[in-house]
Amino acid sequence: MSFSIATWNINSVRLRMPLVEQLLAEHAPDVLCLQETKVPDNLFPIKAFQKAGYEHVTFSGQKGYHGVATVSRHPLEVVERRRFCDSDDCRHLSVHVEIGGRRILIHNFYVPAGGDEPDPEINPKFRQKLDFVAEMHDVPAVEGDNLSSILVGDLNIAPLENDVWSHRQLLKVVSHTPIETTSFEAMRRAGNWVDLMRQIVPPEEKLYTWWSYRSKDWEASDRGRRLDHIWSSPNLAPHLQGIDILRHARSWERPSDHVPVIAKFDLG
DNA sequence: ATGGTTGCCAAGCAA
C-alpha cells in the first residue's frame, strides 16, 4: 500500500489552477496541501479539484492573503482550523485520512514570512513569526499503533546551512537568522518530528524549494532557499520511499515562486 | 548598499 502527499505554496490557487491540474495529472498524490490560496472559502474552486479526481476538498481561506487548502483522493475529516498568535489569519488546517488501515493526522501550515527587518523589537511581523513558531510547540507528532502524523507546508524558515544558497550571506536575512533557525529546530525536536527531506538528501547537499521572483534568471543564479517542509512522526519515517522536489515547476508558465514537494511512503 | 518581481485588486501592502 503506497501513499503520497504533496505540499505547494501556490500563490493564488485561482490564478494557477491550470498548474495545479498539471501537477495532479502527472503525479497523482493521494493528498495535496496548498498554501497562499488567496481565496475566501465561498470562492474556492471545489469543482475543478473534483473533476481532477480529488473529491474531498477542504480549505481555510480569506480574501487577498494567506489561506490553506487540503485536497484528497480519499475521504478526509477536518480536525481543526487553528488560530495562532491570536490572529484570524488562515494559516493552519489539520485533517485525518484513513489509509492502509492507518489513521494519519495531516497538518497543513503557512507560517508568517516575517517581513524584512529581523528585529522583533522594531518589526511586529518578525515578532509574530517568532511567536508563531513558539506556539507550534503545542503541535506534537502524535503516533500510536495505527496512528501517525504528517506536518507539511510553507514554514518560511530554512533551518540548515545548506538550505540556503549562502549561509554566510543570509545570516541576517529573515528566514535564515539564528534566532529563527534555532527556535525552529528546537520546536521540531520538541514535537518529535522527523525532517523527511533530510532523511533522503544529506545535510551536506544544497536543497531548495523556493527561488525569488526578483531575479533575472532564477535557474542560472540558483539563489534558492528550503522554505517548504515535510515532517512525520517517527513511526512513519521508516516507510518513506522517496522525496520529489519538482524544481522544473519553477520554469512553468506564470509559476509560483515555490515548487511542489512530494513524499512517497510504502505503508506495507 | 540597493533594487529587483509578483498577486491582490485597483493603492499600497505582503511576500
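Within every chain, numbering begins at 1; the chains are lettered A, B, ... in the order of the sequence lines, protein sequences first and strands thereafter.
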Can you list every pair that meets salt bridge (charged side-chain N to carboxylate O under 4.0 Å, His left out) and has a residue in [range], with sequence neighbours left out?
range                       : answer
residues 38-56 of chain A   : Glu36(A)-Lys38(A)
residues 207-218 of chain A : none
residues 191-203 of chain A : Asp163(A)-Arg198(A), Asp195(A)-Arg226(A)
residues 141-156 of chain A : none

Measure [atom1]/[X] against [atom2]/[N] and give the value in whole Å, please.
X         : N       : atom1 : atom2 : answer
Leu227(A) : dA15(B) : CG    : C1'   : 11 Å
Gln35(A)  : dG7(B)  : CD    : C1'   : 16 Å
Asn9(A)   : dG7(B)  : CG    : P     : 12 Å
Phe126(A) : dA15(B) : CZ    : C1'   : 15 Å
His66(A)  : dC8(B)  : NE2   : C1'   : 12 Å
Asp116(A) : dC13(B) : CG    : C1'   : 12 Å
Trp210(A) : dA14(B) : CH2   : P     : 17 Å
Arg14(A)  : dC9(B)  : CZ    : P     : 6 Å

- Query: Base, sugar-phosphate, or nothing for Arg225(A), non-hydrogen atoms under 4.0 angstrom?
  - Reply: nothing
- Where do Val68(A) and His92(A) land on the side-chain contact (heavy atoms from CB on, under 4.5 Å) test, with the steps shown first? CA-CA 7 Å; Val68(A) 292; His92(A) 170 263; 5.8 Å; no
For [N] versus [M], give the span between their [atom1] atoms, rounded off to a whole number of Å.
N       : M       : atom1 : answer
dA14(B) : dC9(B)  : C1'   : 13 Å
dG4(B)  : dA15(B) : C1'   : 14 Å
dT6(B)  : dA11(B) : C1'   : 16 Å

- 5'-most by nearest nucleotide on DNA chain B - Pro40(A) or His258(A): Pro40(A)
- Phosphate-side-chain proximity, Ser12(A) and dC8(B), N/O vs OP1/OP2 below 4.0 Å: yes
Table of protein N/O atoms under 3.5 Å from nucleotides 3-6 of chain B N/O atoms:
from, atom 1, to, atom 2, distance (Å)
dG4(B), O6, Arg214(A), NH1, 3.2
dG4(B), N1, Arg214(A), NH1, 3.1
dT5(B), O4', Tyr213(A), O, 3.1
dT5(B), N3, Arg214(A), NE, 3.4

- Task: Apply ring pair (Phe, Tyr, Trp, His ring centres under 6.0 Å) to His96(A) and list each qualifying residue two or more places apart in sequence or on a separate chain.
- Result: none
- Arg225(A) to Tyr208(A) six-membered ring, cation-pi geometry met (6.0 Å, 45°): no
